[in-house]
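Scope of the values below: all heavy atoms of this structure, side chains included, with no hydrogens, waters or symmetry mates. In what follows, chains carry the letters A, B, and so on, assigned in the order in which the sequence lines appear, proteins first and then strands, with residues in each chain numbered from 1.
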Number of protein chains: 2
Amino acid sequence: MKKLKCDLKPNIERQLALTDAIELLSGKWKISILRSLYHSSSLRFKDLAMVSGGVTPKVLSKELQQLEENMLITRTVNNTRPVTVSYALTTHALETLPVIRALVEFGLQHRTNIKGKI
Amino acid sequence: MKKLKCDLKPNIERQLALTDAIELLSGKWKISILRSLYHSSSLRFKDLAMVSGGVTPKVLSKELQQLEENMLITRTVNNTRPVTVSYALTTHALETLPVIRALVEFGLQHRTNIKGKI
DNA sequence: ATGGTCGCTTTCCTATAGGTAAGCAATAGC
DNA sequence: GCTATTGCTTACCTATAGGAAAGCGACCAT
């Protein structure tokens, strides 16, 4: 086994941060939801269901609750009839933008790589 | 519902790339495995099991196979007794580095945010 | 012959993710 | 009274993720 020390203590912290982030953002829809909210700044429940492409209300509801628990989005009930609910990113969620961008770039790159190999 | 057009066609492509990337990298261990390989350039099966912290051989084996299928790592059987197997990143996998870095940064930030709120 | 190491595989199990379908409260329009 | 809309919730089901434990084939040392 090779040497792994270098900056051991911050490295452990970074490993924990990584697993935290993975746990937080795991799931089929969370990242797409965040991306949609980033592009539109504020979306209602039904819009999110459509924009994110195929989420069922049950699952969407659960994902939104988890994102809210983790302070990545805010939930606002509007004074309209029938009642509508708006979701928006918190400032904290802006920290996820580099993640999303990097994922998109990797995905684009991976797609061209795969095409090249066929 | 707000306007969502702007650059519609590339946007769809980016959405597909995003879901591809999420599917590719989903799972409890893949990102940590990639990070470990990035830091050590080449690791054997047992080392990965330890470094990545708690993966069972069955799961590790499966994750490694998936990463190899997607051309993110290479698998090399070494001519040693007993036989050892080395795993390393492909050049293509270097594209995942921004993702990992962004996740770590977000995780670190999130941890301090959470601490601040308690 | 016995036991150890490495890199797995196999079997078994449980918990969760996530989908389908239906319903529900509040309100409004007809 | 009937229906529609919005934002959910509830009940149900299936597939998969992922963990625990054991075994296995090849090799070597004792």
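In this structure, A:N79 atom CG and D:dT6 atom P are separated by 17 Å, rounded to whole Å. Atom pair A:N78:CG and D:dT6:P shows a separation of 13 Å (rounding to whole Å applied). The separation between A:M50 atom CE and D:dG7 atom P is 10 Å, rounded to whole Å. Counting to the nearest Å, the P atom of C:dA25 and the CZ atom of A:R81 are 17 Å from each other. At whole-Å resolution of the value, CD in A:E23 and P in D:dA17 are 17 Å apart. Atom NZ of A:K46 and atom P of D:dT9 are 16 Å apart (whole Å).
Aromatic ring pairs are classed by plane angle as parallel below 30°, tilted from 30° to 60° and perpendicular above 60°; the pair B:H110 and A:H92 is parallel.
Every residue two or more places apart in sequence or in another chain that forms a salt bridge (charged side-chain N to carboxylate O under 4.0 Å, His left out) with A:E105 is listed here: B:R14.
The side chain to side chain contact (heavy atoms under 4.5 Å, CB included) with B:L103 is formed by just one residue from the set A:L24, A:L103, A:L25; it is A:L25. Of the residues listed (A:I73, A:L67, A:V51), the one engaging A:L37 in a side chain to side chain contact (heavy atoms under 4.5 Å, CB included) is A:I73, and it is the only one.
When the shell of 6.0 Å around OH of B:Y38 is examined, it contains 12 or fewer heavy atoms from other residues, nucleotides or ligands.
Remark: the A:T19 side chain and the A:Q15 side chain contain no N/O donor-acceptor pair separated by less than 3.5 Å.
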Protein proximity profile, nucleotides 8-20 of chain C - base contact B, sugar-phosphate-only contact S, no contact -, cut-off 4.0 Å on heavy atoms: BBBBB----SBBB
